[in-house]
Amino acid sequence: MTTTAPLGAEAQTSPPAASAGRRRSALGRIRTGNGLVFVLPFLLVFGLFMVWPIVQGLWMSFTDSSLALRDTSFVGFDNYTEAFGDPDVWSSLGNTVFFTVISSVPLVLVALAMALLVHSGLAGQWVWRLSFFAPYLLPVTVVTMIWTWLYQPELGMANQLLDTLGMAPVGWLSDESVAMWSVAALTVWWTVGFNFLLYLAALQSLPTTFDEAAALDGAGAWRRLWSVTLPQLRRTTGLVAMLQVLASLKVFDQIYILTKGGPNGSTRPVLEYVYDVGFTGYRLGYASAVSYLFFALIVLVSLVQLRLFRRED
């Protein structure tokens, strides 16, 4: 025999459940509205200073916009076609890639060596950390001024050291075969502190159980470093390498202040070529096209790096 609940019971339980659902819905709308109120200032600033300039620059790359002329006309892909056939674009791109290679590799390896040195327990930890990271806090103008004095042909410390060793002086900023290496040395000294901090933080977060177990099994310090510590730093190394490659590809400040792309354009990167074409040659449309091609290259490099790191993981 089955029994059914009276209609009055349903009438008594249904309204409270429905009102609770309405309260939850209203509470959700209030929270969403409060969230939008807090996010709206950021969205306005982001749209005004990031999204709108990107869209405007992309449109400009399809025009013959110029600082010298008021009238602007649509030219389609003519700027992009010209950029692919411009030898100055390819030479500046080659300089950028060359700088990225010769600066990124030591910036990763030197930062790792510095972090391992500090993590090993050297006396005066705060002195080592301060000395390794302090150059990163200096503005680019100060850094380039210091290294301009070091690279001075006659009175610079670099050539004085070579003279003490009985070697011929070097045109650090005037020799086409040496100038880019000089800029890379400056960049390594200036920015290695940031990568050093990333590696040091990763080392301090590693568990000690694996290293202790390897030591109990008779593994020496170098064996533990190669087989235990470095494999655990693989993710950090991937992050540091990716950030460093992207930063080196966007090099501009130190080269522009130190050499202005010389001698004979041997150190001019892509971004400086964009600056020269846009603000010296007044061709904003063509400069925008070159910059967006370079932006596409950076996105491609980032995707390739992410794919490689995912495969390793």
Side-chain angles (χ1 to χ4, degrees), residues 45-104 107 139-141 144 179-180 183-184 186-187 190-191 241-307:
V45 174
F46 182 77
L48 182 62
F49 294 100
M50 183 64 71
V51 178
W52 172 244
I54 290 176
V55 174
Q56 187 180 24
L58 183 60
W59 165 254
M60 191 180 297
S61 67
F62 293 101
T63 67
D64 60 353
S65 179
S66 173
L67 289 175
L69 301 174
R70 291 186 178 181
D71 297 332
T72 300
S73 59
F74 182 78
V75 296
F77 289 93
D78 290 351
N79 288 330
Y80 291 92
T81 304
E82 181 181 353
F84 277 109
D86 189 348
D88 290 332
V89 172
W90 291 105
S91 63
S92 61
L93 179 60
N95 293 335
T96 304
V97 173
F98 179 63
F99 172 83
T100 301
V101 173
I102 65 176
S103 63
S104 297
L107 277 169
V140 62
T141 52
T144 52
M180 187 63 83
V183 177
L186 176 155
T187 305
W190 177 33
T191 61
M242 182 171 64
L243 293 177
Q244 189 54 60
V245 168
L246 295 180
S248 296
L249 284 174
K250 296 184 293 183
V251 63
F252 173 77
D253 298 345
Q254 61 266 41
I255 290 181
Y256 184 77
I257 299 175
L258 194 65
T259 65
K260 287 186 170 55
N264 297 325
S266 59
T267 62
R268 181 170 63 176
V270 171
L271 292 183
E272 185 176 342
Y273 180 69
V274 171
Y275 175 85
D276 291 338
V277 171
F279 295 98
T280 304
Y282 303 140
R283 299 185 61 191
L284 293 180
Y286 181 64
S288 299
V290 176
S291 63
Y292 274 91
L293 288 176
F294 184 57
F295 172 73
L297 175 63
I298 292 179
V299 171
L300 179 62
V301 171
S302 303
L303 294 176
V304 171
Q305 286 184 308
L306 289 174
R307 186 69 178 270

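When a residue number appears, it is its place in the shown sequence, counting from 1.
The closest donor-acceptor contact from the side chain of Thr144 to the backbone of Thr141 lies under 3.5 Å. Panel note: side chain Asn95, backbone Arg268; a donor-acceptor pair is recorded below 3.5 Å. Judged purely by atom type and a 3.5 angstrom limit, Thr267 uses its side chain to pair as donor or acceptor with the backbone of Gly261. Under a 3.5 Å cut-off, the side chain of Trp90 and the backbone N or O of Phe84 do form a donor-acceptor pair.
Ser266 approaches Pro263 most closely through the heavy-atom pair OG-O, 2.8 Å. Of all heavy-atom pairs spanning Tyr286 and Asn79, the tightest one is CE1-O, 3.5 Å. Heavy atoms only, all atoms of each residue included: Gly85 and Pro87 are closest at O-CD, 3.4 Å. Across all non-hydrogen atoms, the minimal contact from Leu107 to Gln244 is CD1-NE2, 3.0 Å. Smallest separation of non-hydrogen atoms from Gly278 and Leu67: O-CD1, 3.6 Å.
Asp86 and Tyr273 share a donor-acceptor pair across their side chains, judged by distance under 3.5 Å alone. For the residue pair Glu272 and Ser92, no side-chain donor N or O sits within less than 3.5 Å of a side-chain acceptor on the partner.
In this structure, the separation between CE on Met180 and OG1 on Thr96 is 7.0 Å, given to the nearest 0.5 Å. Rounding to the nearest 0.5 angstrom, the gap separating the CG atom in Leu246 from the NZ atom in Lys250 is 6.5 Å. Rounding to the nearest 0.5 Å gives a distance of 11.5 Å between CD1 of Ile298 and CG of Leu293. One distance of note links OG of Ser73 with CZ of Phe62; it measures 14.0 Å at 0.5 Å rounding. To the nearest 0.5 Å, the span separating CD on Gln254 from OG on Ser103 amounts to 8.5 Å.
Between Phe295 and Tyr292, the ring-plane angle classifies as perpendicular under the 30° and 60° cut-offs.
For OH of Tyr275, the number of neighbouring non-hydrogen atoms (other residues, nucleotides, ligands) closer than 6.0 Å is 12 at most.
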>> Pair Leu271, Tyr256 - check side-chain contact (heavy atoms from CB on, under 4.5 Å), show working.
In response: CA-CA 10 Å; Leu271 292 183; Tyr256 184 77; over 6 Å; no
* What's the verdict on side-chain contact (heavy atoms from CB on, under 4.5 Å) for Val290 and Val277, showing C-alpha distance, side-chain angles and the deciding distance? -> CA-CA 10 Å; Val290 176; Val277 171; over 6 Å; no
| query | Could you go step by step and tell me if Thr63 and Thr72 meet the side chain to side chain donor-acceptor pair (under 3.5 Å) rule? | reply | CA-CA 7 Å; Thr63 67; Thr72 300; 5.5 Å; no
Just distance, no hydrogens or angles: give the donor-acceptor pairs under 3.5 Å from side chains in residues 45-61, sequence neighbours left out.
{"from": "Ser61", "atom 1": "OG", "to": "Leu58", "atom 2": "O", "distance (Å)": "2.5"}
{"from": "Ser61", "atom 1": "OG", "to": "Tyr80", "atom 2": "OH", "distance (Å)": "2.7"}

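At a threshold of 4.5 Å between non-hydrogen side-chain atoms, the residues Leu284 and Asp64 do not count as touching. Looking only at side-chain heavy atoms (C-beta outward), Val245 and Val301 come within less than 4.5 Å of each other. By the 4.5 Å heavy-atom criterion applied to side chains, Phe99 and Thr187 are counted as neighbours. Residues Val140 and Ile257 have side chains in contact (heavy-atom distance under 4.5 Å, counting atoms from C-beta outward).
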